[in-house]
Amino acid sequence: MNEVLILIIYGMLMIGTNVFLKRNQDVESYCVSNRQMKTVQSAMGIAASWVWAPSLLVAAERAYVSGVAGLFWFLVPNVLTLLIFIPFAKKIRKEMPKGITLSGYMKDKYDSDGVKNVYLLELTGLAVCSTAVQMLAGGKLLSMLTGLPFMVITLLLAVIVFSYAHFSGIKSSVLAETIQLLVIISIVIAFAGGSLKEAGMQSWINGLSGISGEYGSIFSAKGAEVFFSFGLSSAIGLLAGPFGDQCFWQRAFAIKEKSIGKAFALGALLFALVPLSMGIIGFVAAGTGFMATDKSIVNFEYLMSAFPRWIVIPFLIMFLSGLLARLDSNLSAVSSLTTDMFKRSSIKISKISMILLLLAGILISNIPGLTVTHLFLFYGTIRATTLLPTVLTLKGVKLTATGVISGILIAFIVGLPVFAYGNVYNLSAYKTAGSLIAVLSAGIISVLVSKLSLRGEWYSNGK
């Protein structure tokens, strides 16, 4: 019951940090904080949003199962993604200083409700899947720790995050995320250091090849196996991450314009501390020969075996912080999307959208047999569908509304089923093919259809 009490106290503390925030007077203040967010706080919010609960588990699992190769293909694409995003965040802010959403930018760029709608479909779908991932990963572990039923845990998480996130929109989210990141980094570093001290450096060195001892290099045959089974599809999904995620476009519009680059770069570095520390625990567990009952939570199982029972308390706080940080980011993001969904948006509508998102996340996370890995890779492929049309648009490539819509829809229709088939039957070739189709087909079809459309216009004008 102590764990349940911690959940309640944590929720009350998060609410307490927000009750004194100045209330927003309009939607723009609620969604983008009047575009005055500062560098360090923004960086911490970005890092916390990018952590998401599963990364606290996946990094250790990849290190434990696939050694250096596994952690490399999870950590490096995650960090590079935020750095690659910087010039595009600066560009969209320059082109649309008063913007709020990516879908709104694309609508203005092509003067097309159709383009806006396909982007809303992707951005909203991603927010739903991302929320479900947090609910599923968090609910699974928290249910085990507290003894409460999974459904009860997901409902409790929804109540906690909404209770503080609805106060002042993005300002509430960033304030909470700043506190949550400080908590996460402090605890993961302590866990990693404690594990190294307990097991010794030699155990860490021995674990660099994973529990099987076969994955000590990213360039070996086994390293290539990791790349094709996990690395490629994961990297594509991660690199597409911010480009298909309103959370990060919202930050691009909310941060002071001169601070955008510094905020995202610092956010990337702060984020790296988390999976790196969790990876160390995975290596140590492998190096000591620890046999995990459930590899997806190997860091938790190892810490419970190597340290006293009280270790569950900081682990619970760390995990809850990562979980809620991403959930409140999703709520803030979907609330901003309502500015494109309704002609007359309002703070009330934004708050209702938060509730609907949480309900969708709860329902999906409670589907029997669904796993975190399935959802993670699936929504990674969803956001990949808009990657190239967005990048090409921001780079000034001349596309048409018809081209953009066709490219994204083809990517959805062809790429997602191929990927889903590979995921269900655990076929690496199909998972990789599905991810590549989702990315490449959207870009290629967008360009080809746009050229045909423009050529048609050229001939119809008698030129």
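It should be emphasised that the depicted structure is a prediction, and the values quoted were computed from it without experimental measurement.
Between the side chains of Ser329 and Ser49, at least one donor N or O lies within less than 3.5 Å of an accepting N or O. Under 3.5 Å, the side chains of Thr131 and Arg326 contain no donor-acceptor pair of N or O atoms.
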Kindly indicate, with the supporting measurements, whether the criterion side-chain contact (heavy atoms from CB on, under 4.5 Å) is fulfilled by Ser130 and Val133. CA-CA 5 Å; Ser130 175; Val133 165; 5.6 Å; no
May I have the step-by-step check of ring pair (Phe, Tyr, Trp, His ring centres under 6.0 Å) for Trp249 and Tyr119, ending in yes or no? CA-CA 13 Å; Trp249 295 111; Tyr119 267 84; 9.2 Å; no
Take Thr390 and Thr393 through the test side-chain contact (heavy atoms from CB on, under 4.5 Å) and record every step on the way to the result. CA-CA 5 Å; Thr390 302; Thr393 300; 5.8 Å; no
Check the pair Leu148, Ser143 against side-chain contact (heavy atoms from CB on, under 4.5 Å), reporting the backbone distance first and the verdict last. CA-CA 5 Å; Leu148 293 174; Ser143 178; 5.6 Å; no
Stepwise side-chain hydrogen bond (donor to acceptor under 3.5 Å, both in side chains) check, Thr101 with Ser103: CA-CA 5 Å; Thr101 67; Ser103 48; 3.3 Å; yes
Could you check Met106 against Leu102 for side-chain contact (heavy atoms from CB on, under 4.5 Å), going step by step and ending with a plain yes or no? CA-CA 6 Å; Met106 295 299 286; Leu102 173 61; 4.1 Å; yes
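The closest donor-acceptor contact from the side chain of Gln180 to the backbone of Leu324 lies at 3.5 Å or more, if one exists at all. Using modelled atom types, no side-chain atom of Ser365 and backbone atom of Leu136 make a donor-acceptor pair closer than 3.5 Å. Although no hydrogens or angles enter the test, the distance criterion places a donor-acceptor pair under 3.5 Å between the side chain of Asn366 and the main chain of Ile362. Counting only distance, with no hydrogens or angles, the side chain of Glu122 and the backbone of Val118 share no donor-acceptor pair below 3.5 Å. Judged purely by atom type and a 3.5 angstrom limit, Tyr64 uses its side chain to pair as donor or acceptor with the backbone of Phe290. Using modelled atom types, one side-chain atom of Asp340 and one backbone atom of Gly104 make a donor-acceptor pair closer than 3.5 Å. Gln36 places no side-chain N or O within donor-acceptor distance of the main-chain N or O of Lys256, the cut-off being under 3.5 Å. A donor-acceptor contact shorter than 3.5 Å links the side chain of Thr385 to the backbone of Ile382. In this structure, the side chain of Thr338 engages the main chain of Ser335 through a donor-acceptor pair within 3.5 Å. No donor-acceptor distance shorter than 3.5 angstrom exists from the side chain of Glu61 to the backbone of Val298, with no hydrogens or angles considered.
In this structure the side chain of Phe74 reaches within 4.5 angstrom of the side chain of Phe230, judged on heavy atoms. The shortest distance between side-chain heavy atoms of Val391 and Phe88 falls below 4.5 Å.
Across all non-hydrogen atoms, the minimal contact from Ser446 to Leu399 is O-CD2, 3.8 Å. Among all heavy-atom pairs drawn from Leu82 and Ala268, the shortest one is CD1-CA, 3.7 Å. The two atoms that bring Ile405 and Gly114 nearest to each other are CD1-C, 3.6 Å, heavy atoms only. Ala411 and Ser441 get closest at one heavy-atom pair: CA-OG, 3.4 Å. Residues Pro417 and Phe412 share a closest heavy-atom pair of CD-O, 3.4 Å.
To the nearest 0.5 angstrom, Ile317 atom CD1 is 11.5 Å from Ser186 atom OG. From Leu273, atom CG reaches atom CZ of Phe271 across 10.0 Å, with rounding to the nearest 0.5 Å. With rounding to the nearest 0.5 angstrom, the CG atom of Leu56 is 10.5 Å from the CZ atom of Phe191. Distance check: Leu266 CG to Ser259 OG gives 11.0 Å after rounding to the nearest 0.5 Å. Put simply, CE on Met144 and CG on Asp294 are 8.0 Å apart, with the number rounded to the nearest 0.5 Å. Interatomic distance, Ser336 OG to Gln246 CD, rounded to the nearest 0.5 Å: 3.5 Å.
With a 6.0 Å radius and a threshold of 12 heavy atoms from other residues, nucleotides or ligands, Met12 has its CE atom at or below the threshold. Residue-environment remark: NZ (Lys91) exceeds the threshold of 12 foreign heavy atoms within 6.0 Å. Other residues, nucleotides and ligands contribute only 12 or fewer heavy atoms inside 6.0 Å of the NZ atom of Lys90.
Under the 4.0 Å criterion applied to side-chain N and carboxylate O atoms, Arg35 and Glu28 are assigned as salt-bridge partners. Using a 4.0 Å cut-off between a side-chain N of Lys or Arg and a carboxylate O of Asp or Glu, Glu177 and Arg251 qualify as a salt bridge. Salt bridge Lys94/Glu257: absent, no basic N to carboxylate O contact under 4.0 Å.
Ring geometry for Trp50 versus Phe248: interplanar angle over 60°, hence perpendicular rather than tilted (30 to 60°).
Judged by the 6.0 Å and 45° rule, Arg93 forms no cation-pi pair with Phe253.
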